[in-house]
> 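Structure provided below as structure tokens; questions to follow.
We count residues from 1, following the sequence as given. Whatever order the structure lists ligands and atoms in, that order sets their numbers, starting from 1.
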Amino acid sequence: MEHAFSLVGKTAIVTGISRGLGKGMVLGLAKAGADIVGISVSNMQDTKEAVEQLGRKFYAIPADMSSSEEVERAANEAIESVGRIDILVNNAGIIRRSPAKDFSQEDWKEVLDMNLNAVFTMSSIIGNHMLEHQKGKIINIASMLSFQGGIRVPAYTVSKHGIAGLTKSLANEWSSQGVNVNAIAPGYMATDNTEALRKDPERSESILSRIPTKRWGNPSDLEGPVVFLASEASDYVTGHILCVDGGWMSS
Ligand code: NAD
């Protein structure tokens, strides 16, 4: 059974890996044996050192994922530099909070460019590479707001609903050709993305009261789920959105 979950000899691209959930998933993939191509706008040194300490290779591609030119460049550089990509984790994402009536066009565009358009571009370039080899695993990072409306985050909600649709759409077209496309929907996780919520005593208490496990999630909570979806163990799982939410969706 261990073999089914092994990623030895595989290479994974993960976007947005300087901190938070991206860094957590990189560590899980590296522990399972994968080499890593990291794409991020900020410093990747800590993540690189952690991967190398696990005995895996790390290749850094600095890029701003809110720019379509940068995304295309990074995806092509990844293929050219490592030759074969087995796993793509589209993790990089941002959130902008403001009441819908005041939400700016600028924030709307930035969130959609990064959270949805960049995911389509990465999936398209790396997906075509995987289709040539008739093998690959694409894992998108969705959210509870792929299912719910959220509060004061209209662009984020739209982007994450879009991720759910894109995951199913690509899975329908590519799964028969060896490329599985799934998503992980993290619940409420303790990262920079949720700092504002955790600092607001009212919101924080209301969120915690609905989580059956009675705690915020941590980046390490995604290690097992991402390894499962990246490995042979999940070969018959595709078009699925796996909630890793401490039970939020069922409460
Ligand atoms: P985070 O803010 O802690 O980390 C975001 C990562 O993206 C960082 O490594 C950052 O360097 C990188 N990044 C930011 N802007 C970038 C840019 N322009 N180009 C390239 N990289 C950039 O956020 P997080 O909580 O770790 O979120 C990661 C993903 O998980 C996002 O897609 C987010 O929407 C999703 N998510 C988070 C939660 C949560 O509770 N934290 C819940 C559901 C989904």
> For residues Val14 and Met114: do they belong to one hydrophobic cluster (side chain heavy atoms under 4.5 Å, members Ile, Leu, Val, Met, Phe, Trp, Tyr)?
no

> Salt bridge check: are Asp192 and Arg19 linked by an N-O gap of less than 4.0 Å?
yes

> Could you state whether Ile13 and Val26 fall into the same hydrophobic cluster, counting links through intermediate Ile, Leu, Val, Met, Phe, Trp or Tyr residues with side-chain heavy atoms under 4.5 angstrom apart?
no

> Would you say the side chains of Gln53 and Glu49 form a donor-acceptor pair under 3.5 Å?
no

> Is there a polar contact, in the sense of an N or O pair closer than 3.5 Å, between Asp64 and ligand 1?
yes

> Within less than 4.0 angstrom of ligand 1, does Ala190 place any heavy atom?
no

> Considering only heavy atoms, does Pro219 approach ligand 1 within less than 4.0 Å through its side chain, its backbone, both, or neither?
neither

> What protein heavy atom sits nearest atom 9 (O) of ligand 1, and how far off is it?
Ser18 N, 2.9 Å

> With a 4.0 Å cut-off, would you call Arg73 and Glu70 a salt bridge?
yes

> Closer than 4.0 Å to some heavy atom of Pro186 - which atoms of ligand 1 meet that?
42 (C), 43 (C), 44 (C)

> Out of curiosity, is Ala63 lining ligand 1, as in a heavy atom under 4.0 Å away?
yes

> Is ligand 1 under 4.0 Å from a heavy atom in the side chain of Thr194, in the backbone, in both, or in neither?
side chain

> Output yes when Glu52 and Arg56 qualify as a salt bridge under the 4.0 Å nitrogen-oxygen rule, no when they do not.
no

> Identify, for atom 3 (O) of ligand 1, the protein heavy atom at the shortest distance, and state residue, atom and that distance.
Arg19 NE, 3.3 Å

> Measuring from Met144:CE to Asp245:CG, what's the distance to the nearest 0.5 Å?
4.5 Å

> Starting from atom 12 (C) of ligand 1, locate the nearest protein heavy atom and write down its residue, its atom name and how far away it is, to 0.1 Å.
Gly16 CA, 3.6 Å

> Can you label the angle between the Tyr188 ring and the Trp248 ring as parallel, tilted or perpendicular, going by 30° and 60°?
tilted

> Take the angle between the ring planes of Phe5 and Phe228 and call it parallel below 30°, perpendicular above 60°, tilted in between.
tilted

> Run the salt-bridge test on Asp235 and Lys137 with the 4.0 Å N-O cut-off and return the result as yes or no.
yes

> Checking the N or O distance criterion of under 3.5 Å, is ligand 1 in contact with Asn115?
no

> Look at atom CZ of Arg152 and say whether more than 12 heavy atoms of other residues, nucleotides or ligands are closer to it than 6.0 Å.
no

> So how far is it from Leu197 CG to Glu202 CD, rounded to the nearest 0.5 Å?
12.5 Å

> Is the contact between Lys23 and ligand 1 made by the side chain, the backbone, both, or neither, using heavy atoms and a 4.0 Å cut-off?
neither

> Between Leu145, Ile39, Ile141, Asp192, which one has a non-hydrogen atom sitting closest to atom 35 (C) of ligand 1?
Ile141

> Mind checking whether Ile95 contacts ligand 1 via backbone (N, CA, C, O), side chain (CB onward), both or neither, at a 4.0 Å heavy-atom cut-off?
neither

> Given Asn140 and Val181, is the side chain to side chain contact (heavy atoms under 4.5 Å, CB included) satisfied, shown in steps?
CA-CA 8 Å; Asn140 296 322; Val181 187; 4.1 Å; yes

> So if I count the atoms of ligand 1 from 1 in the order they appear, which ones are less than 4.0 Å from some heavy atom of Gly93?
31 (C), 32 (O)

> Between Met144 and ligand 1, which residue portion shows a heavy-atom distance shorter than 4.0 Å: side chain, backbone, both, or neither?
neither

> Near Met65, which atoms of ligand 1 are under 4.0 Å from a heavy atom of that residue?
17 (C), 18 (N), 19 (N), 20 (C)

> Considering only heavy atoms of Gly20, which atoms of ligand 1 have at least one such atom less than 4.0 Å away?
3 (O), 26 (O)

> Provide, to 0.1 Å, the distance between atom 38 (C) of ligand 1 and the closest protein heavy atom, together with that atom's residue and name.
Leu21 CD1, 3.9 Å

> Check the side chains of Ser220 and Asn218 for a donor-acceptor pair under 3.5 angstrom, ignoring hydrogens and angles.
no

> Which atoms of ligand 1 are found less than 4.0 Å from any heavy atom of Met189?
39 (C), 40 (O), 41 (N)

> When you check the side-chain N and O atoms of Asn43 and Ser18, is any donor under 3.5 Å from an acceptor?
no

> Starting from atom 11 (O) of ligand 1, what is the nearest protein heavy atom, named by residue and atom, and what distance separates them?
Ser42 OG, 2.7 Å

> Distance under 4.0 Å to a non-hydrogen atom of Asn91: what atoms of ligand 1 satisfy this?
28 (C), 29 (C), 30 (O), 31 (C), 32 (O)

> What's the shortest distance from atom 23 (O) of ligand 1 to any protein heavy atom, and which residue and atom give it?
Asn193 CB, 3.6 Å

> Considering only heavy atoms of Gly187, which atoms of ligand 1 have at least one such atom less than 4.0 Å away?
40 (O), 42 (C), 43 (C)

> Using heavy-atom distances only, which candidate in Lys160, Glu195, Met114, Met44 approaches atom 14 (C) of ligand 1 most closely?
Met114

> Asn90 and Ser123: side-chain donor and acceptor closer than 3.5 Å?
yes

> Counting heavy atoms only, which part of Ala142 comes closer than 4.0 Å to ligand 1: side chain, backbone, both or neither?
backbone

> Among all protein heavy atoms, pick the one closest to atom 25 (O) of ligand 1 and tell me residue, atom and distance.
Thr191 OG1, 2.4 Å

> Check whether any heavy atom of Tyr156 sits under 4.0 Å from an atom of ligand 1.
yes

> So which heavy atom in the protein is nearest atom 21 (N) of ligand 1, and how far is it from that ligand atom?
Val41 N, 3.4 Å

